[in-house]
Amino acid sequence: MIRRASDSAFMAFVMLASIYLWLEADTFPTFPRMGPVDSDFWPKIVFGLLAVLAGLYLVQTLVLKPFWKTRETQAAAPDEEADPAARRAGTVRLLGIAALTFAYFLGLQYLGFVPSTIVFLLAASLLLPLKRMATRLLFAPLFTAALTLFFTRALSLPLPRG
């Protein structure tokens with residue numbers, strides 16, 4: 001119950017922070033040349049989506065599932081934190097993804113968008129518990145190609161170069 005309460009408190013914080021940052025994006029300077037895709041476009045999309053997802057999590061946790069379980073339900077529910085090997089693997093996976101994200105940030109500066117994104121997605125797929133190797137190998141280049149086409153063709157934005 002403590003874990004669920006702390007998760008709910010954190011998600012409430014994320015939702016409120018996202019709403020605040022959305023409102024802060026309104027203060028960004030506008031550039032007539034950019035048109036509808038101005039300096040506040042992507043921050044608003046990211047923070048709006050983050051606020052909606054955090055709100056959905058809160059609704060699911062606090063409304064759809066009862067926040068306080070009965071003793072019978074608690075006794076019947078399996079303990080998620082009982083397996084130390086699973087917790088250790090999750091911690092290693094989380095630290096690995098954090099290190100990959102930092103390496104991706106550095107890679108964008110030296111290699112550019114396309115190679116950094118492909119390497120990042122391939123490495124991240126190795127940390128995730130996916131069963132099919134074909135999924136791991138095909139997702140990274142296909143997703144990067146789709147993202148590159150979206151930015152360059154649909155939005156007419158240049159990609160970061162190394």
Side-chain angles (χ1 to χ4, degrees), residues 1-69 77 80-81 87 89-130 135 139-162:
M1 184 163 92
I2 292 174
R3 181 177 176 199
R4 185 182 274 176
S6 64
D7 285 351
S8 297
F10 178 73
M11 282 300 169
F13 171 76
V14 167
M15 187 175 77
L16 292 174
S18 297
I19 292 170
Y20 170 76
L21 291 171
W22 166 285
L23 295 173
E24 280 297 310
D26 278 337
T27 64
F28 290 175
T30 58
F31 301 101
R33 187 180 137 240
M34 298 298 282
V37 183
D38 205 4
S39 58
D40 66 343
F41 181 73
W42 287 110
K44 282 186 172 183
I45 286 177
V46 170
F47 291 123
L49 184 61
L50 192 59
V52 167
L53 291 175
L56 288 175
Y57 178 85
L58 287 172
V59 167
Q60 176 193 9
T61 303
L62 300 176
V63 177
L64 299 179
K65 292 181 183 178
F67 188 76
W68 290 279
K69 294 181 180 180
E80 299 168 347
E81 300 176 2
R87 285 184 60 199
T91 302
V92 167
R93 193 174 297 129
L94 178 66
L95 292 174
I97 293 292
L100 276 175
T101 303
F102 182 72
Y104 178 65
F105 173 73
L106 293 177
L108 277 174
Q109 297 173 6
Y110 296 108
L111 300 174
F113 179 78
V114 174
S116 295
T117 303
I118 290 174
V119 169
F120 172 76
L121 291 174
L122 282 173
S125 72
L126 296 175
L127 288 173
L128 298 176
L130 300 173
T135 304
F139 176 74
L142 293 177
F143 182 77
T144 303
L147 201 59
T148 301
L149 288 174
F150 177 71
F151 276 108
T152 58
R153 302 287 184 227
L155 298 177
S156 299
L157 294 173
L159 296 174
R161 295 194 176 136

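All figures in this text were calculated on a predicted structure; none of them were measured in a lab. One-based numbering along the sequence shown.
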* Asked: Would L127 and L100 satisfy side chain to side chain contact (heavy atoms under 4.5 Å, CB included), going step by step from the backbone distance to the final call?
  -> CA-CA 10 Å; L127 288 173; L100 276 175; 3.5 Å; yes
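- Here the CG-CG distance, from L16 to L21, works out to 11.0 Å after rounding to the nearest 0.5 Å.
- Taking every heavy atom of both residues into account, F113 and L108 meet most closely at CA-CD2, 3.6 Å.
- Counting all heavy atoms, side chain and backbone alike, L58 lies closest to A12 at CD1-CA, 3.7 Å.
- The two residues M15 and A51 make their nearest non-hydrogen contact at CG-O, 3.6 Å.
- Ring geometry for F143 versus F139: interplanar angle under 30°, hence parallel rather than tilted (30 to 60°).
- Interatomic distance, M11 CE to S6 OG, rounded to the nearest 0.5 Å: 10.5 Å.
- For the residue pair K44 and W22, the shortest heavy atom distance occurs at O-CZ3, 2.9 Å.
- The minimum heavy-atom distance linking L122 with A140 is given by the pair CG-CB, 3.7 Å.
- A donor atom on one side chain and an acceptor atom on the other are found under 3.5 Å apart for Y104 and T117.
- The shortest non-hydrogen separation linking V114 to T144 is O-CG2, 3.9 Å.
- Here L111 contributes atom CG and I118 contributes atom CD1; the two are 11.0 Å apart, rounded to the nearest 0.5 Å.
- Note that CG of L147 and OG1 of T152 are 9.5 Å apart. Values are rounded to the nearest 0.5 Å.
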